[in-house]
Novice: 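Have a look at this one.
Reckoned from all heavy atoms, side chains included, excluding hydrogens, waters and symmetry mates. Because the structure is predicted, anything quoted here is derived from the model rather than measured.
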Amino acid sequence: MPLGALLVLLLLGGAGPASAHAALDSTDPEDGAVLQRAPGHVTLAFSESVGLRDDSFRVLDPGGHRVRTGDTGHADGRSETARVALPGGLGEGTYTVAWRVVSADSHPVSGAFTFSVGKPSTTVASVDTGPTEDPLTTNLHRIARYLSYLAAALLIGTAAFVALCRPPDAAPLRRPLVAGWWTLLGATVALLVLRAPYEAGTGPSGALDPDALGDTLTARPGVLLLIRLALLGPAALFLARMFRTPVGDRHPRPGPLAATAGGALAVALALTWAASEHASAGIQVPAAMTSSTLHLLATALWLGGLTALLLTLRSAGDTATVARFSRVALASVTVLAVTGVYQSWRGLGSWQALTGTTYGRLLLAKVVLVAVLLAAAAVSRRWTAALAATAAAQEPARERVPQPAGGPPAPEPPTAPADTGGAAPATAALRRGLRRSVLAEAVVAAVVLAVTTVLTGTQPGRAVDEAARTVPAGGVLPASVTTIPFEIGTAGRGTVQITLDPGRTGDNAVQAVVFGPDGSLAAVPELRLSFTLPDQHVGPIDAELVDRGGYWSANTVTLPLPGTWTMKTTVRVSEIDQVSEVRRIRVER
């Protein structure tokens with residue numbers, strides 16, 4: 001299949017790195033830094049521009065209490081940075097900074113890091129950066145996004161079907177057009193009010209906060225949603241004018257000027273999606289925006305047109321209408337193939353990402369569904385060809401009757417009856433078969449649209465790979481923290497908290513802190529730690545921990561290979577008693 005060959009050729013094409021969700025490049029102070037004097041600001045640098053919220057930063061002191069910070073903004077006016085002012089007189093100890101920003105593609109990202117003033121604290125405040133998204137808010141937001149896609153496809157596709165395919169009776173198509181318009185209006189309003197809790201990772205009740213809604217209306221995602229709402233007004237006027245036809249004429253015929261205005265409205269609506277999702281960030285943004293817009297319009301022409309064709313076939317659709325839509329659908333599939341391959345290459349970047357990331361696996365599912373969709377479309381085309389051939393065979397021949405000069409005009413030959421309930425049995429059977437195949441297309445296309453909705457909210461494989469390979473300048477990658485409980489004889493149950501930093505292949509620093517049954521620091525005579533990779537027969541590698549007075553550490557432990565390692569911890573609680581526990585940890589490349 002040419003599409004499959006094109007995907008193989010282009011999927012691994014070369015280009016520079018791209019991110020679709022903002023990745024943290026550096027922090028100032030650096031993660032884990034020990035400073036002689038307290039800093040006046042905390043500054044973060046990202047791989048792309050980010051949006052800030054009032055609560056983008058939370059700074060906790062060594063005791064876990066929140067530090068009162070100053071205003072949040074961009075450093076030196078650079079949109080790819082975030083900065084917050086710290087109060088003067090910060091005391092000695094380790095401070096935790098939790099941050100949350102919104103990527104250029106409208107998805108929130110968060111994280112945390114630490115720095116110390118004077119010397120590190122024996123304990124560090126525990127902070128939960130929280131899930132990127134609240135589950136209920138996420139589901140509501142995702143449903144609204146899906147409905148907005150579906151409504152746009154129905155609205156644009158049905159209007160295009162009326163203009164391009166010229167059904168003999170367009171009256172049955174008024175209802176889906178009205179339904180599409182109102183659904184798009186409702187879904188857009190829902191996206192607008194859910195935007196604030198979606199960014200904050202809070203429950204839907206956050207949508208009731210007027211201040212948060214005000215912030216949404218001035219941020220880029222909110223502005224794009226407002227533009228979409230504004231475009232629905234002219235769209236309603238266009239549809240009303242298109243269906244304002246002379247008495248007795250059941251087919252609306254928009255003139256060239258009206259058709260141009262309708263096309264411009266469709267492109268403008270599609271741009272509100274392209275400008276707020278993956279295409280708006282990363283490499284080749286102008287090309288990606290163009291591709292995303294064309295992809296959405298082609299999807300609308302195909303999916304919305306399928307729905308319109310189904311309704312037309314249920315009434316009195318003629319063969320010419322079906323043939324016209326077949327040509328429109330073929331052009332739409334061609335555009336979808338070209339833009340889909342480009343967007344797949346841009347989002348993946350490597351074969352490993354195809355199976356090793358959520359984005360890649362969703363993309364594989366979409367490819368399979370599209371293959372099923374194309375198979376259904378091929379069946380529909382065969383039914384269309386058979387219906388056209390049967391209609392041509394049933395058309396009565398026009399006999400030429402000579403007339404004397406100036407004589408009366410020849411009478412019109414009798415026309416074949418419309419293909420309705422009284423149509424020939426063969427034509428009726430073909431029409432039923434075509435309806436079934438078109439219905440199958442529409443159902444599969446709706447599923448493809450659902451997968452696409454999830455795909456547009458998933459971090460692309462290229463960005464995942466970049467985040468895994470990039471160590472923030474002046475900082476470290478997020479550490480792997482494992483807590484292991486152990487029994488201390490009759491004294492109760494203690495725990496060992498082991499931090500493997502950065503938790504990836506190569507050199508790692510190890511810190512281990514022992515806590516007693518009451519949660520306080522506990523001194524033990526000995527603490528041993530070793531790592532084994534059974535699948536590759538590597539190890540055991542001894543961490544050679546050293547007692548630092550309150551905690552144990554090793555400056556360097558080299559883990560040469562990625563994989564699931566077995567970490568064995570042995571705690572000696574007295575001269576004669578010791579306990580060993582085993583945990584499995586994942587070490588990435």
Side-chain angles (χ1 to χ4, degrees), residues 22-46 50 52-76 78 80-101 108-132 200-201 471-483 495 497-503 508-515 519-521 548-553 555:
L24 180 63
D25 284 339
S26 65
T27 67
D28 182 17
E30 299 175 358
D31 186 10
V34 179
L35 309 175
Q36 295 302 314
R37 290 185 296 180
H41 297 84
V42 168
T43 305
L44 310 181
F46 295 89
V50 294
L52 303 178
R53 301 173 47 81
D54 291 339
D55 58 348
S56 281
F57 286 94
R58 284 183 297 145
V59 181
L60 305 182
D61 65 18
H65 303 100
R66 187 164 182 175
V67 175
R68 186 180 297 276
T69 57
D71 294 335
T72 300
H74 296 291
D76 302 323
R78 293 180 291 133
E80 73 279 7
T81 64
R83 170 176 285 182
V84 64
L86 298 177
L90 290 181
E92 186 178 85
T94 300
Y95 292 80
T96 303
V97 180
W99 54 268
R100 184 180 186 87
V101 297
V109 290
S110 59
F113 68 97
T114 64
F115 68 89
S116 301
V117 177
K119 66 179 182 178
S121 304
T122 55
T123 60
V124 178
S126 176
V127 58
D128 181 10
T129 59
T132 304
V471 177
V476 295
L477 288 166
S480 167
V481 180
T482 306
T483 301
T495 57
Q497 180 175 289
I498 300 171
T499 303
L500 185 67
D501 196 355
N508 285 263
V510 179
Q511 289 187 351
V513 182
V514 182
F515 297 96
S520 62
L521 292 177
R548 305 292 184 183
Y551 70 98
W552 299 71
S553 72
N555 290 331

Novice: Between Thr81 and Ala75 (side chain of the first, backbone of the second, donor and acceptor by atom type, cut-off under 3.5 Å), is there such a pair?
Specialist: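 At least one qualifying donor-acceptor pair exists.
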
Novice: Would you give the length of the straight line joining atom NE2 of His74 to atom CZ of Phe46, rounded to the nearest 0.5 angstrom?
Specialist: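 Nearest 0.5 Å value for the NE2-CZ distance: 10.0 Å.
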
Novice: Can you name the closest pair of heavy atoms from Gly91 and Val117 and give their distance?
Specialist: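 Distance-wise, the nearest heavy atoms are O-CB, 3.7 Å.
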
Novice: Roughly how far, to the nearest 0.5 Å, is CG of Leu52 from CG of Asp71?
Specialist: 11.5 Å

Novice: Please work out whether the ring planes of Tyr95 and Phe115 are parallel, tilted or perpendicular, with thresholds of 30° and 60°.
Specialist: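 Because their plane-to-plane angle is under 30°, the rings of Tyr95 and Phe115 count as parallel.
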
Novice: About how many Å separate CZ of Arg83 and OG1 of Thr72, when rounded to the nearest 0.5 Å?
Specialist: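 Interatomic distance, Thr72 OG1 to Arg83 CZ, rounded to 0.5 Å: 11.5 Å.
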
Novice: Of all heavy-atom pairs between Leu35 and Pro29, which one has the smallest distance, and what is that distance?
Specialist: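 That closest heavy-atom pairing would be CD1-CG, 3.7 Å.
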
Novice: Looking only at non-hydrogen atoms, find the nearest pair between His41 and Ala85 and report the distance.
Specialist: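 Nearest heavy atoms, His41 then Ala85: CD2-CA, 3.8 Å.
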
Novice: Compare all side-chain heavy atoms of Ser56 with those of Val84 and state whether any distance is below 4.5 angstrom.
Specialist: no

Novice: For residues Val42 and Leu86, determine if any side-chain heavy atom of one lies less than 4.5 Å from a side-chain heavy atom of the other.
Specialist: yes

Novice: What distance do Leu44 atom CG and Phe113 atom CZ have between them, rounded to the nearest 0.5 Å?
Specialist: 5.5 Å

Novice: Are Val59 and Thr96 side-chain neighbours, meaning at least one heavy-atom pair lies under 4.5 Å?
Specialist: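 With C-beta onward as the side chain, the pair stays apart.
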
